[in-house]
Number of protein chains: 2
Amino acid sequence: MALSREHIVDAAMTILRSYGLASLSMRNLAKNLGVQPGALYWHVKSKQDLLVLLADRILATTPAWTDQVGARSDRADARQAALDIRTALTSVKDGAEVVSVAQALNPRQLAPLQRLRDTLPSNLTLRQAEWGARALTHYILGAVAEEQTHAELILAGVAASEESTAYTTEAFIFGVDAFLRGLGAAASAPCTVIDLATEDQRAVPRKQLHADS
Amino acid sequence: MALSREHIVDAAMTILRSYGLASLSMRNLAKNLGVQPGALYWHVKSKQDLLVLLADRILATTPAWTDQVGARSDRADARQAALDIRTALTSVKDGAEVVSVAQALNPRQLAPLQRLRDTLPSNLTLRQAEWGARALTHYILGAVAEEQTHAELILAGVAASEESTAYTTEAFIFGVDAFLRGLGAAASAPCTVIDLATEDQRAVPRKQLHADS
DNA sequence: ACCTGAACACCGTTCAAGT
DNA sequence: ACCTGAACACCGTTCAAGT
């Protein structure tokens, strides 16, 4: 059967579901497809490219947001959007990590991020809604990634399972709700930057590429 | 000069500051120390172990929280704690990513996480304060990681620099403040779990380790 | 157009053997 | 106790050459 981009992504998803991100090497993927590693590079630019495709497919399972005359709705919609994203991420092993890496490499707006922005409280300016959606995305990815690696550590017998999944879900929702409440009150309490002696020791000198000896 | 654990961490920090996480391989580190790669494993258990040490050192530069008779204080303290953590992370290239990875591998409580918990609004239960501190940590690590990779993409000429650092800082603070506001109102609006048809397609089958053919 | 074979320049980790 | 030398089992990517 002829190799194709879609076929490659399918096989990669299978590896991801069964064994996780650590097992997803280009060489192992090629072996699973019965092909030489170099063959993959005809259909896919790089591994980073592949990870972006995988991230899109993982998030594609989230229910489409029915755009009601472009109006931003109440808090419950945003909460549901966050839960839908979490469901999509947890359906694949290391799903949150894959999406995190893909988003870091390709910082374009992820589809559910747009949905999040559109469901945020309507008292925010567009810029604030974008900041809020990004912030919530960071929380979701971080929280779910922690859940998943924790779960894998337990399966590996390294950590003890002290918490039920209901408990984990409650913690997740607690964070989402807290954040959404805060965003709802954002307009009344504007963000004034106070003392920032903390600024700009960030510009670290960049020398050459790669240190040798 | 005799090799030591501290010496290794020093050299690793130097590589990190100058060239970032991608250049921090055990082999490159050994070369910089004028030693064979295997020698490192006498002083350090693994690369993961080393990353945890690095994460601790990166965060060690945050000002110590002067514990005032154990009382949780107001929102300004938590906001300052978040800013201090951001400053520490941005002082090292890929600092946020290093701490993220280390925290994923070794999910023990990071020092500043404790400080965050102690500075959260006092209306929360201890469990809620822990959830809140975790959530805020996820936001901080995600946001700063995005800042840093974005900055590196700009230095590499891949992306355009459309935003000033003040703008970035404002966005960061916006997220922190929103979250803290939401936590402040957490007790009055308890987190009730509504419909969760989303639960538990998370248990993905685990077969053997490593797929072959 | 699509894939193989083979190479290039790397990884983390282990471990007998040396000192 | 501490380190070398050398190996093991991998990586991502490229590219002439084949079909």
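Residue numbering restarts at 1 for every chain, and letters A, B, ... go by the order of the sequence lines.
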key: Between CD1 on residue B:I15 and CG on residue B:L24, distance to nearest 0.5 Å   = 5.5 Å
task = Classify the side-chain pair A:D118/A:Q114 by whether it contains a donor and acceptor separated by less than 3.5 Å.
result = no
task = Tell me which of B:G34 and A:P37 sits closer to the 5' end of DNA chain D, going by the nucleotide each one is nearest to.
result = B:G34
request  = May I have the distance from B:I8 (atom CD1) to C:dG12 (atom P), rounded to whole angstrom?
outcome  = 14 Å
Residue pair B:Q128 / A:F174: nearest heavy atoms and the distance that separates them = O-CE2, 3.5 Å
query = So which nucleotide from D:dG12, C:dT14, C:dT4 ends up closest to the side chain of B:Y41?
reply = C:dT14
For B:R5, all residues meeting salt bridge (Lys or Arg N to Asp or Glu O under 4.0 Å), sequence neighbours excluded = none
Whole angstrom value for the distance that separates P of C:dA1 from CZ of A:R5 = 17 Å
Strictly under 3.5 Å: I want the nitrogen or oxygen pairs between protein and nucleotides 8-10 of chain D, one per line.
none

Rounded distance in Å between the C1' positions of D:dC2 and C:dA16 = 14 Å
task = Give, for atom OH of A:Y139 and atom CZ of B:F179, the distance between the pair rounded to the nearest 0.5 Å.
result = 6.5 Å
ask   = A:H7 has an atom NE2; how far is it from atom C1' of C:dC2, in whole Å?
value = 15 Å
key: Closest to the A:Q36 side chain, choosing from D:dC2, C:dG5, C:dG12   = C:dG5
task = Mind listing the residues from residues 45-57 of chain B sitting with a heavy atom below 4.0 Å of DNA chain C? Number order is fine.
result = B:S46, B:K47
inquiry  = C:dC3, OP1 or OP2 - any side-chain N/O from A:W42 closer than 4.0 Å?
reply    = no
query = Considering the options B:D77, B:T62, B:D84, which one meets the side-chain hydrogen bond (donor to acceptor under 3.5 Å, both in side chains) requirement together with B:R115?
reply = B:D84
query = Counting just side-chain N and O atoms, does B:H43 come under 4.0 Å of either OP1 or OP2 of D:dA1?
reply = no
query = From B:L124 CG over to B:R117 CZ, what is the distance, rounded to the nearest 0.5 angstrom?
reply = 12.0 Å
ask   = When you match A:M26 and A:A39 each to their closest nucleotide on DNA chain D, which lands nearer the 5' end?
value = A:M26
request  = Using the C1' atoms only, state how far C:dA9 lies from D:dC10, rounded to an integer number of Å.
outcome  = 14 Å
task = Would you name the heavy atoms of B:D94 and B:Q148 that are closest together and state the gap between them?
result = C-OE1, 3.6 Å
ask   = For DNA chain D, which ranges pair as stems of 3 or more consecutive Watson-Crick or G-U pairs, with both donor-acceptor distances under 3.5 Å?
value = C:4-8 with D:12-16, C:12-16 with D:4-8
query = Rounded to the nearest Å, what distance is computed from the CG atom of residue B:L33 to the P atom of nucleotide D:dT4?
reply = 11 Å
Closest contact, heavy atoms only, A:N28 versus A:S23 = ND2-O, 2.9 Å
Partner residues of B:R57 under the side-chain hydrogen bond (donor to acceptor under 3.5 Å, both in side chains) criterion, sequence neighbours left out = B:E6, B:D10
key: Contact list for residues 33-46 of chain A, test side chain to side chain donor-acceptor pair (under 3.5 Å), sequence neighbours left out   = none
Salt-bridge contact A:E147-A:R86 (side-chain N to carboxylate O under 4.0 Å) = yes
